[in-house]
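Note: hydrogens, waters and symmetry copies are ignored here, and every other heavy atom, side chains too, is used.
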Amino acid sequence: MKSKSWLKKVILAVIVAAIAFLYYYIKLPAINIHSQGFWGFLILLAILLVAVLRVLPLAKHAREYGETPDLKHDKPFRIGLLAVGGLIAIFLVGSILSSSIVNARKYQQLLTVEDGSFADEIQEVAIDSVPLLDKDSATILGNRKMGSMADMVSQFEVADDYTQINLNDVPVRVSPLKYAGFIKWFTNQSDGIPGYMQIDMTTQNTELVRLDQPIKYSKGEYFNRNIYRHLRFKYPTYIFDNINFEIDDQGTPWWICPVKEYTIGLFGGQTIGRVVLCNAQTGECLDMAVEDVPQWVDKVYSAEMLTQFYDYYGTLKHGWLNSVLGQKDCLKTTDGYNYLAINDDIWVYTGVTSVTSDQSIVGFVLMNQRTKETKFFSVTGAVEASAMGSAEGQVQDLGYVATFPLLLNIDNQPTYFLTLKDGSGLVKKYALVNVQKYQVVAIGDTLEQCQESYHQLMESNHILSETAEEQKTSGIIEKISSIVQEGNTHYYIMLEGDERLFDVNVADNLEILRKEVGDRVNLEFTEGSKACEVSKVE
């Protein structure tokens, strides 16, 4: 009897170990006290051990003797139950002590923000070098290209990564191929994945890059070559953030695997401490500190993590309670973000608005996805959603939908650039919307047409003159006449010996009403293409 009892315990232990291994193999929790998945694994394992080693044997014994299982007075069961309760308590207490409620200052200091100058740091770019494609449009182009590859379309599909990177100073989106189902994996996995899709975001040129050496490690593998499982077995204690597909300057495919670091309590203050670069062809891994990541890597910090950092920075300046109740000086990012390519890095762009208002921005931030460097630019104007609505309103009869805008410097003016897509997701028109005056909307079938129309609109709305250098002049009035523009009276004057035309808005300069031909005047003005706009008359 003793041997049978011992054998049953061995079998039970093997079953528990098998279940634990299967859970670990599928869920891949990091063996790390900062991982919530690890605590879930421990709690589940503890419950399983208590059930298998105490509850089931006691229940069987009670059935054999016609008794009711007395779990209440069973010491091993109570110890096991206490252990499960202890693990749950540690998890709950650790979660509370890691929260921003009790660590507002630490959360607020997760990000360092510098003030930037829009005119000095956001350089004007040629309109034909602006990225035109968002992820959805890139996906459509990638699937079309894949459909034309007769030799592999039945075996492979394009994965949905479409990571935006800078490749030799050109913004592109890249995505690996994947097996078209389990059967296709079974028949092709020995050879691997033959290439990746590469899409130029400015020209929309789509290319299937065929590799001399195939991709063997990917998200689509089912067993040990699955990139997540490969990383877990190699780095059992690392807690990985989102894994990104990128290529280096030579076109070699890599998986960029940021490693989370928790700086506040058990589960709080999540940031990136290390990065693992995994060669997608060989599985070779390079483990390095985040500050040592090479220049060609573009995406270490996810856009979601960076915008969360700024929300902590903007809302917790005066503590957690103020962020919920008084909300004094509280700022937050707007709903949505986009990417800008600056100096061979990818920067996340998003507007910044007051938590009590969602119709206008007080500025915007640029956040470097490789270094976490963050700059705030003070610019007032419309939120991105308003700009999108203005652009869509210009083509409402066509039913086009605007993409989330990019922020550009056009003639030293903060300007939203958007594409307008039809129901099938294809780009049909382009739009430029002035950030500060979002009613100024230019629409064009081509980039050049759109930019020319925008420049004309800014001139007619006296926007360009607002950024021109102010000048002074004086002289004798030779001619003076008045007209009404959009309900405002303007006086146009010419001075003796000066061929320029000066535009005086009477509402801003009542002194002009005292002047007539032959009077001497002193003017402060800015140059315009048709007339000089006067800001002060004496």
Side-chain angles (χ1 to χ4, degrees), residues 131 133-135 138-139 141-142 158-178 192-202 205-221 225-228 230-231 234-235 238 240-260 272 274-306 337-348 367-373:
L133 300 175
D134 60 6
K135 184 175 180 180
T139 300
L141 293 178
V158 186
D160 60 0
D161 295 73
Y162 287 99
T163 311
Q164 181 173 335
I165 64 172
N166 267 4
L167 181 62
N168 299 316
D169 292 328
V170 177
V172 301
R173 286 189 179 269
V174 291
S175 192
L177 302 186
K178 66 177 183 179
I193 295 171
Y196 58 85
M197 197 67 68
Q198 177 178 312
I199 304 175
D200 188 315
M201 297 179 65
T202 58
N205 180 55
T206 305
E207 177 186 6
L208 176 60
V209 179
R210 297 174 184 264
L211 297 166
D212 295 332
Q213 185 178 356
I215 294 173
K216 289 294 187 75
Y217 294 83
S218 70
K219 297 177 182 178
E221 294 286 344
R225 277 182 10 205
N226 177 279
I227 183 61
Y228 297 105
H230 176 67
L231 292 169
K234 201 170 186 67
Y235 304 99
Y238 281 7
F240 290 101
D241 196 22
N242 296 330
I243 296 173
N244 309 302
F245 180 81
E246 294 192 26
I247 58 177
D248 62 21
D249 294 338
Q250 288 72 46
T252 303
W254 293 82
W255 293 103
I256 311 303
C257 315
V259 181
K260 294 179 181 179
I272 303 299
R274 303 190 66 79
V275 179
V276 173
L277 309 184
C278 179
N279 187 304
Q281 297 169 307
T282 65
E284 178 186 1
C285 292
L286 303 174
D287 182 12
M288 62 191 66
V290 67
E291 58 269 18
D292 296 329
V293 172
Q295 177 75 32
W296 63 264
V297 174
D298 288 306
K299 194 171 183 179
V300 172
Y301 295 88
S302 68
E304 293 78 12
M305 179 180 287
L306 291 173
Y337 54 83
N338 212 325
Y339 304 96
L340 287 175
I342 303 174
N343 297 329
D344 202 31
D345 276 327
I346 299 295
W347 295 69
V348 175
M367 298 172 281
N368 191 308
Q369 286 200 281
R370 181 173 58 86
T371 65
K372 201 175 71 170
E373 179 184 358

In terms of heavy-atom contacts, does CD of E304 have more than 12 from other residues, nucleotides or ligands at under 6.0 Å? yes

Could you report the tightest heavy-atom contact between [X] and [Y], atom names first, then the distance?
X	Y	result
A138	R173	CB-CD, 3.6 Å
A289	R274	N-NH2, 3.7 Å
G251	L211	O-CD2, 4.2 Å
V300	P258	O-CG, 3.2 Å
T202	P131	CG2-N, 4.1 Å

For a 4.5 angstrom cut-off between non-hydrogen side-chain atoms, does [X] reach [Y]?
X	Y	value
I272	D241	yes
K372	L306	yes
Y238	L231	no
W254	V297	no
C285	H230	yes
I199	Y162	yes
L286	V276	no
P294	M288	yes

Would you call the rings of Y337 and Y339 parallel, tilted or perpendicular, taking 30° and 60° as the class edges? perpendicular

Just say parallel, tilted or perpendicular for the rings of F240 and Y235, cut-offs at 30° and 60°. perpendicular

Please check: side-chain N/O of Q369 versus main-chain N/O of Y301, any donor-acceptor pairing under 3.5 Å? yes

N343 side chain to D345 main-chain N or O, any donor-acceptor pair under 3.5 Å? no

Any chance you could measure [X], atom [atom1], to [Y], atom [atom2], to the nearest 0.5 Å?
X	Y	atom1	atom2	value
E246	L277	CD	CG	9.0 Å
L167	D249	CG	CG	6.5 Å
N242	I256	CG	CD1	13.5 Å
K299	I243	NZ	CD1	12.5 Å
D298	I165	CG	CD1	6.0 Å
Q295	D344	CD	CG	5.0 Å

Audit row: W255, F245, ring pair (Phe, Tyr, Trp, His ring centres under 6.0 Å) steps and yes/no: CA-CA 5 Å; W255 293 103; F245 180 81; 5.3 Å; yes

Is there a side-chain contact (heavy atoms from CB on, under 4.5 Å) between K178 and K219? Walk through the geometry before answering. CA-CA 8 Å; K178 66 177 183 179; K219 297 177 182 178; over 6 Å; no

Give a yes-or-no answer on whether the side chains of Y196 and D161 include a donor-acceptor pair shorter than 3.5 Å. no

Only one of V174, V209, T252 forms a side-chain contact (heavy atoms from CB on, under 4.5 Å) with I247, so which one is it? V174

Please determine whether side-chain contact (heavy atoms from CB on, under 4.5 Å) holds for the pair L208 and L177, giving the CA-CA distance in whole Å, both sets of side-chain angles, and the decisive distance to 0.1 Å. CA-CA 9 Å; L208 176 60; L177 302 186; 3.9 Å; yes

For residues 205-218, which residue pairs pass the side chain to side chain donor-acceptor pair (under 3.5 Å) check, not counting sequence neighbours? D151-R210

